[in-house]
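Values below: all heavy atoms of this structure, side chains included; hydrogens, waters and symmetry mates excluded. All values derive from a computational prediction rather than experimental measurement. Below, read A as the first sequence line, B as the second, and so on, with proteins coming before strands; counting in each chain starts at 1.
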Amino acid sequence: MQEITGVTTSAYTPYGDFKNRIGEEVVIRGAIHNIREMSDIAFILIRTDRELIQCVYSTEFSDYRLDENVVEQASAKITGKVVKSETRDGSERYELQIHGIEILSKPAAVPPVVISKKQVVCDLSVNLDNRPVTLRNPKERAIFKLQEGIQRGFREYLQSQNFTEVHTPKINFAGAEGGTNVFKLDYFGKTVYLAQSPQLYKQALVPVFERVFEIAPVFRAEHHDTSRHLNEYISMDLEMGFIDSFTDIMNTEAGALKYIMNLLKTEYAPEVELLKADIPEITSIPCIRFKDAKELCVKKLKNITDMKDFEPEEEAFLGKWAKQQFNSDFLFVTHYLSKKRPFYTMDDPDDPEVTLSFDLLFRGIEITSGGQRIHDYNMQVEKMKRLGMNPEEFETYLMLHKYGAPPHGGLGLGLERLTMHLLGFKNVRNATMFPRDINRVSP
RNA sequence: GGCCCGAUAGCUCAGUUGGUUAGAGCGCCAGCCUGUCACGCUGGAGGUCGACGGUUCGAGCCCGUUUCGGGUCGCCA
């Protein structure tokens, strides 16, 4: 009788390991990525989970004969000897002298777009239409490996700071913030909404776990058809209790970003190299009050009309300013006007016109909004009334305040947008595996 | 949703003033090439020029409608 031991055999040999294994017979599994046939040898590039491994076929040392089964995108198991490559430029590389090839599976058709070159060359819409195939391209896949690194860094850092990872419901009776841009759906005859933010729930969990975070999709039914908007995106959210000041939240974010960038530079070095990603160096992040930032913009830029918020042009200017003044890719802008922030935002006791809130600009583009929340029941009810909201509709939400909540605050970070700006893409969809937008729900 | 631009081979694109059989590169197929690394060389297959209608002796090209795609603008992560 067969027994399951919980141990899987790994056939994968990391490339970096090859220099220590010269002369050894190894087995690798992967897809045939590319075949370059010469007169009596052939180079077969095997695509493993994270890299390309050059394998050399020759009638001199290969038992298998190349036939109609050895084609690109076939799955193969290759045995061979690790040898040093003969490279023209003298660079140190290693390859496999193929002894045996076992074809595990063969494709039924040729890929609709060429994925075996350095880059996938096609329109974004064609790329997205063929996502299951185009993602196989090493450069394309590196984007999402790097994105995994961002999530992983966020998670690992917060875990180290005693945050508890939670998952809040995505099907709700009411929109968390009562907004209009929520998706409605039929739920056994009742109308329910897809979560546009975990706000309500992550705050409710502060008196439970003190510090919580969530990495999960959120849904926005906005009719915007732009290169920056998605109707479903991954939000990295955190909420922390017993804060002395909203700067505690900013410090947590700076710590997380430092950790993330360091993780990318070390454990995601192959992807960073492949994508030529410019990973920012973070020592400390400068802060500026909204009012002061606005004054700077008015002084340096023309035609500033909106005094309550920033135009994209102003954000870009502030990004450059932070780089020049502080050599920082990041800039915190604090104390946004009360009327431009959500109802749960804590007003500054020293100046009720502004809030204990912040945005984080990365290279001149906003990537985070956060701040301290109201924890006092009466204060929250009063602010709701002042904003024309009916507190009775928020009964569940207000249970947090009614039965006692510590001073707390948090933030939200869009994963795809951060990936996009880190890699310098012009369209979020480049940094989204399977984007959902106003025109696309497939694949 | 408003405005601007586009749609030609599987992919990326040329196509002159409206005129015979619509081209290139990549991919694919066949052959050649002692080490390629976006290999190279020779040849071949592959097209309802987005769709519908109109003008014309004649439309890939001009006009109208429509579908799809790209850019841009409120709001935002």
Side-chain angles (χ1 to χ4, degrees), chain A residues 33-45 52-60 68 71-73 83-89 91 93-95 97 107 109-130 133-134 137-139 177 179-181 196-199 215-237 305-306 308-313 315 340-342 359-362 365-370 411-421 426-429 431-432 437-440:
Chain A
H33 185 66
N34 187 230
I35 304 169
R36 282 191 278 268
E37 260 187 281
M38 315 297 290
S39 58
D40 37 70
I41 63 167
F43 298 99
I44 300 178
L45 247 59
L52 294 175
I53 296 174
Q54 175 159 286
C55 302
V56 191
Y57 165 90
S58 166
T59 48
E60 271 182 40
E68 73 281 355
V71 294
E72 283 181 17
Q73 301 316 125
V83 296
K84 214 167 171 175
S85 290
E86 287 175 36
T87 53
R88 188 165 286 173
D89 59 3
S91 64
R93 275 179 285 173
Y94 302 88
E95 64 192 18
Q97 272 189 357
V110 171
V113 291
V114 181
I115 58 169
S116 59
K117 303 279 183 183
K118 280 188 174 166
Q119 208 151 351
V120 173
V121 179
C122 66
D123 289 342
L124 182 57
S125 63
V126 174
N127 185 323
L128 296 178
D129 285 343
N130 295 286
V133 183
T134 54
N137 174 264
K139 209 165 172 178
E177 301 177 31
T180 52
N181 297 327
Q196 57 159 204
S197 155
Q199 190 63 34
I215 303 173
V218 292
F219 307 89
R220 305 265 165 115
E222 285 157 355
H223 284 266
H224 299 141
D225 186 4
T226 79
S227 57
R228 302 181 301 284
H229 285 93
L230 296 166
N231 294 297
E232 174 179 352
Y233 70 89
I234 307 292
S235 181
M236 302 199 294
D237 272 272
T305 49
D306 184 0
K308 299 186 182 88
D309 213 338
F310 292 124
E311 304 280 331
E313 188 195 353
E315 291 186 348
K340 294 298 281 189
R341 287 283 164 158
D359 273 10
L360 181 62
L361 302 187
F362 172 45
I365 295 153
E366 182 201 322
I367 58 164
T368 306
S369 276
L411 58 86
L413 225 171
L415 178 61
E416 293 88 346
R417 275 199 181 174
L418 179 57
T419 311
M420 166 194 182
H421 295 136
K426 287 188 180 129
N427 196 315
V428 227
R429 290 162 187 77
T432 311
D437 63 36
I438 205 160
N439 299 312
R440 180 181 294 278

If you check the A/Gln54 side chain, which of B/U36, B/C76, B/U34 turns out closest? B/U36

Below 3.5 Å is the cut-off: list the nitrogen or oxygen pairs between protein and nucleotides 5-9 of chain B, distance only.
none

Here the distance between atom P of B/G35 and atom CD1 of A/Ile35, to the nearest Å, is 18 Å

A correct 5'-to-3' footprint of nucleotides 68-74 of chain B, with B, S and - meaning base, sugar-phosphate only and no protein heavy atom under 4.0 Å, is -SSSBB-

Residues A/Arg429 and A/His229: closest non-hydrogen pair is NH2-O, 3.6 Å

Atom C1', compared across B/A14 and B/C61: separation rounded to whole Å: 14 Å

Please confirm whether the backbone N or O of A/Val428 pairs with a side-chain atom of A/Arg417, one donor and one acceptor, at under 3.5 Å? no

B/C62 and B/U16, which share atom name P, separated by this distance in whole Å: 9 Å

Would you say the side chains of A/Asn137 and A/Gln119 form a donor-acceptor pair under 3.5 Å? no

Go through the side-chain N and O atoms of A/Glu416 and A/Thr432 and say whether any donor and acceptor fall under 3.5 Å apart. no

Report the distance from atom CZ of A/Phe310 to atom P of B/C76, rounded to the nearest whole Å. 14 Å

I need the CD-C1' distance between A/Glu86 and B/C37, as an integer number of Å. 13 Å

Classify the glycosidic conformation of B/G40 as syn or anti, calling it syn when the angle lies within 90° of 0. anti

Between B/U34 (P) and A/Phe43 (CZ): distance, integer Å: 13 Å

Nearest-Å distance, CD (A/Glu315) to C1' (B/C75)? 12 Å

Which whole-number value in Å describes the distance from A/Asp40 CG to B/G35 P? 9 Å

Proximity to the side chain of A/Cys122 - top-ranked nucleotide from B/A77, B/U34, B/C11: B/C11

If only atom types and distance count, is the side chain of A/Asp437 paired as donor or acceptor with the main-chain N or O of A/Arg440 below 3.5 Å? yes

Does A/Asn34 or A/Gly414 map to a spot on RNA chain B nearer the 5' end, using the closest nucleotide for each? A/Asn34

Atom-pair distance (CG on A/Asn127; C1' on B/U12), nearest Å: 13 Å

Would you kindly say whether A/Asp237 and A/Ser235 are connected by a side-chain donor-acceptor distance under 3.5 Å? yes

Across the strands shown, which category fits A/Leu230 at heavy-atom distances under 4.0 angstrom: base, sugar-phosphate, nothing? base

Looking only at side-chain atoms of A/Pro112, point me to the closest of B/C11, B/G10, B/C33. B/G10

So, for A/Asn34 and A/Glu72, which heavy atoms are closest and what is the spacing to 0.1 Å? ND2-OE2, 2.9 Å

Distance-only polar pair, side chains of A/Tyr233 and A/Arg220, donor-acceptor under 3.5 Å: yes

Tell me every residue that passes side-chain hydrogen bond (donor to acceptor under 3.5 Å, both in side chains) with A/His421, counting only those two or more places apart in sequence or in another chain. none

Would you indicate what A/Ile367 reaches in the nucleic acid, counting non-hydrogen atoms under 4.0 angstrom: base, sugar-phosphate, or nothing? sugar-phosphate

Whole-Å distance, A/Asp129 CG to B/C11 C1', equals 13 Å

Just by protein heavy atoms under 4.0 Å, how would nucleotides 27-32 of chain B read 5' to 3' in B, S and -? S-----

Touch class at under 4.0 angstrom, heavy-atom based, for A/Val218 against every strand present: nothing

Reckon A/Thr368 touches a base, only the sugar-phosphate, or nothing at all at heavy-atom distances under 4.0 Å? sugar-phosphate

So if I apply the side chain to side chain contact (heavy atoms under 4.5 Å, CB included) rule between A/Pro111 and each of A/Asn130, A/Val120, A/Val133, which one comes out positive? A/Val133

Where each pair must be Watson-Crick or G-U wobble with both distances under 3.5 Å, what dot-bracket representation of RNA chain B is obtained, with crossing pairs in [ ] and other-strand partners as |? (((((((..((((.....[...)))).(((((.......))))).....(((((..]....))))))))))))....

With sequence neighbours excluded, residues passing side-chain hydrogen bond (donor to acceptor under 3.5 Å, both in side chains) with A/Ser91: A/Asp89, A/Arg93

